[in-house]
Engineer: 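This is the structure, below, for whatever I ask next.
A, B, ... follow the sequence lines: proteins, then strands. Residue 1 opens every chain. Predicted model, so just to flag it, every value in this text is computed and none were measured.
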Protein chains: 2
Amino acid sequence: MATREARGLGQPRGEGHDGGRAAHGRPDAPPCPAEAPEALRGERRDAAENRRRILAAARALFAERGVDAVSMNQIARAAGIGPGTLYRRYAHKGLLCQGLLEENTGRFREETAARLAPGPAAGPALARLEAVLLRLIAFNEENAPLLGAIADAACGDRRGAIYGGPLYQWLYRIVLATVEEALAAGELAPLDAAWLADALLAPLAIDLYLFQRHERGFTPERIAAAVRQFLASLRAGQPVA
Amino acid sequence: MATREARGLGQPRGEGHDGGRAAHGRPDAPPCPAEAPEALRGERRDAAENRRRILAAARALFAERGVDAVSMNQIARAAGIGPGTLYRRYAHKGLLCQGLLEENTGRFREETAARLAPGPAAGPALARLEAVLLRLIAFNEENAPLLGAIADAACGDRRGAIYGGPLYQWLYRIVLATVEEALAAGELAPLDAAWLADALLAPLAIDLYLFQRHERGFTPERIAAAVRQFLASLRAGQPVA
DNA sequence: TTGACAAGTGGAGGAGGCTCCACTTATTCT
DNA sequence: AGAATAAGTGGAGCCTCCTCCACTTGTCAA
């Protein structure tokens with residue numbers, strides 16, 4: 001009765017969420033390469049049930065009214081739980097959308113991993129990079145509303161949260177590794193690999209992508225073609241001049 | 001008394017701000033290349049006085065507590081006006097920050113214009129492009145807090161507002177024109193100029209820039225060097241392969 | 001089985017953001 | 001000059017987000 005205060009106050013609000021999986025505070029769990037969204041380890045049965053209800057309610061409301069028009073309170077009401085319970089599991093709407101997205105991410109991760117898996121024996125690194133970026137365009141198209149909502153939530157004290165989130169980190173690591181292979185193989189002129197990995201992903205960030213699609217009128221095909229030409233231009237043509 | 005209802009309801013909330021300059025609704029004013037922030041055309045004297053007070057109060061509070069910790073209501077109180085008046089002039093905090101930023105933008109615009117002005121006779125287009133991007137890094141450094149707040153305000157129904165805002169549009173036009181010159185001069189392999197202009201600016205977007213600076217630990221010098229190498233890599237080396 | 005404790009739950013309420021509209025004030029036209 | 005008109009003003013209030021904390025429930029060890 002008094003012991004709980006220590007935890008409640010000692011960790012006031014500092015992103016104490018571990019990216020969606022709460023559970024019995026294991027200090028450093030393994031990275032979980034392709035964890036199934038259901039049956040989180042050590043999660044209490046009632047909590048699991050509520051998580052399912054939350055995601056189902058959110059999915060239904062989002063489909064019915066659009067992601068932006070649905071508030072956290074509405075989701076809680078539709079799921080039949082109190083707002084406090086909802087916020088305990090998903091500290092804000094962005095994390096909820098991330099949870100929802102993880103159910104869609106499977107195919108994206110599998111396809112990308114398959115394309116990349118064979119390692120240096122699977123054709124030039126730049127070609128693999130191209131495949132990842134083109135797949136990312138398709139992913140943007142499929143998940144634009146959720147991705148948009150996740151981006152929206154990265155406001156204020158959460159600015160830049162996207163770049164620390166699981167999806168971007170995973171993409172970044174993949175792109176960085178492939179860029180480094182390309183550099184090692186002499187496919188690229190000398191470049192700052194860590195910066196380049198961000199720079200290659202930045203033009204496909206959801207905000208800009210949606211602006212180009214809807215305000216500039218670009219089609220996904222045009223964007224894909226532009227990315228292809230762009231990567232081709234980066235191919236090392238001269239030693240360094 | 002009844003005539004006003006028509007306007008008040010007919011234009012419920014649709015970005016009715018024209019980027020900071022309210023005033024006597026002239027339909028299509030000229031682009032205003034380098035308009036002074038004071039003495040807006042046709043603005044009533046009391047409105048001008050309030051605008052000055054708002055900007056002064058905002059600047060003071062931002063300096064004292066940080067941009068993120070100051071609410072619109074606090075600014076209104078400090079300026080000695082009602083919240084309604086504040087919101088009439090700046091429909092949200094992002095536009096207020098834009099207004100504040102315009103007071104700083106002068107030197108940036110002048111230096112950039114000067115570097116670009118001589119036209120095709122002032123060295124290779126790619127070198128001018130590099131100068132613009134490097135200057136943008138310095139601009140990011142100088143104005144990070146305001147730029148961050150502007151980015152934060154581009155949430156929800158205002159997603160992507162940055163790309164429609166005056167600063168980005170100006171940058172985009174400049175970069176696009178220079179890219180087109182570089183293409184015409186054969187300095188670049190064939191590329192989609194309109195997409196490339198966005199793609200060159202995207203890695204310097206304030207969100208990613210601040211993440212790299214603070215989470216990845218990049219220095220401005222490292223970022224500048226990376227941009228330089230990057231542009232060098234784009235230089236046309238081979239016809240098209 | 002049973003008891004102790006950690007994790008989970010719900011909802012009332014504080015805290016702002018933003019709006020609406022009746023009133024005030026500057027400008028302009030005759 | 002002075003009246004008509006359109007722009008500008010202020011603040012009460014609505015509405016939603018998010019937090020806090022007393023209570024409930026599941027789990028595990030003895």
Engineer: Please list, in numerical order, the residues of residues 65-83 of chain A that have a heavy atom closer than 4.0 Å to any atom of DNA chain D.
Structural biologist: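 Only A:S71, A:N73 qualify.
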Engineer: Stem finding on DNA chain C, please: runs of three or more consecutive Watson-Crick or G-U wobble pairs, both distances under 3.5 Å, sorted by first number.
Structural biologist: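 Listed by first number, the stems are C:1-30 with D:1-30.
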Engineer: What is the distance, rounded to the nearest whole Å, between atom CZ of B:R88 and atom C1' of C:dT24?
Structural biologist: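 Distance check: B:R88 CZ to C:dT24 C1' gives 13 Å.
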Engineer: Determine whether B:Y90 and B:C97 make a side-chain contact, defined as any pair of heavy atoms from C-beta on separated by less than 4.5 Å.
Structural biologist: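 Sidechains of B:C97 and B:Y90: no contact.
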Engineer: In whole Å, what is the span from the NE2 atom of A:H92 to the C1' atom of D:dT16?
Structural biologist: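 Checked: the NE2 to C1' distance equals 18 Å.
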Engineer: Can you measure A:Y87 atom OH to D:dT16 atom C1' for me and round it to whole angstrom units?
Structural biologist: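 Whole-Å distance recorded here is 9 Å.
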Engineer: Is it true that B:E110 and B:R107 make a salt bridge, defined as a side-chain N closer than 4.0 Å to a carboxylate O?
Structural biologist: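 No, this pair does not count.
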Engineer: Output the rounded distance in Å from OH (A:Y90) to P (D:dT19).
Structural biologist: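 Atom OH in A:Y90 sits about 17 Å away from atom P in D:dT19.
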Engineer: Any non-hydrogen side-chain atom of A:W170 less than 4.5 Å from a side-chain atom of A:V175?
Structural biologist: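 In short, these two side chains do not touch, never coming nearer than 4.5 Å.
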Engineer: Can you find a pair of side-chain heavy atoms, one from B:L95 and one from B:Q98, that are under 4.5 Å apart?
Structural biologist: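 Of all side-chain heavy-atom pairs linking B:Q98 with B:L95, at least one is under 4.5 Å.
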Engineer: Between A:Y168 and A:Y163, how do the two ring planes meet: parallel, tilted or perpendicular, split at 30° and 60°?
Structural biologist: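 The arrangement is perpendicular - the two ring planes meet at more than 60°.
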Engineer: Whole angstroms only, please: what is the CG-P distance between A:L96 and D:dC18?
Structural biologist: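 The answer, rounded to whole Å, is 12 Å.
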Engineer: B:N50 has an atom CG; how far is it from atom P of C:dT24, in whole Å?
Structural biologist: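 To the nearest whole Å, that distance equals 17 Å.
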Engineer: Regarding A:R222 and the six-membered ring of A:F218, is the cationic atom NZ or CZ under 6.0 Å from the ring centre and inside 45° of its axis?
Structural biologist: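 Judged by the rule (NZ or CZ under 6.0 Å from the ring centre, within 45° of its axis), A:R222 counts as positioned above A:F218.
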Engineer: Hey, does A:L96 have a side-chain heavy atom less than 4.5 Å from the side chain of A:L100?
Structural biologist: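 They are in side-chain contact.
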Engineer: For residues 199-218 of chain B, pull every pair meeting side chain to side chain donor-acceptor pair (under 3.5 Å), keeping only residues two or more places apart or in separate chains.
Structural biologist: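 Side chain to side chain donor-acceptor pair (under 3.5 Å) check on residues 199-218 of chain B returns A:D198-B:Q212, A:D198-B:R216, B:E141-B:Y209, B:E141-B:R213.
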Engineer: Are any of the side-chain heavy atoms of B:Q169 and B:R173 separated by less than 4.5 Å?
Structural biologist: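 Yes, side chains in contact.
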Engineer: Counting just side-chain N and O atoms, does A:R45 come under 4.0 Å of either OP1 or OP2 of D:dG26?
Structural biologist: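 False: A:R45 side-chain N/O out of range (4.0 Å or more) of D:dG26 OP1/OP2.
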Engineer: Nearest whole Å is fine: how far is C:dA7 C1' from A:R51 CZ?
Structural biologist: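 About 15 Å, once rounded to whole Å.
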Engineer: Below 4.0 angstrom from OP1 or OP2 of D:dG10, is there any side-chain N or O of B:T85?
Structural biologist: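 So the side chain of B:T85 is within the cut-off, an N or O lying under 4.0 Å from OP1 or OP2 of D:dG10.
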Engineer: Using whole Å, what does the distance between atom P of nucleotide D:dG26 and atom CD of A:E49 come to?
Structural biologist: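 It works out to 11 Å between those atoms.
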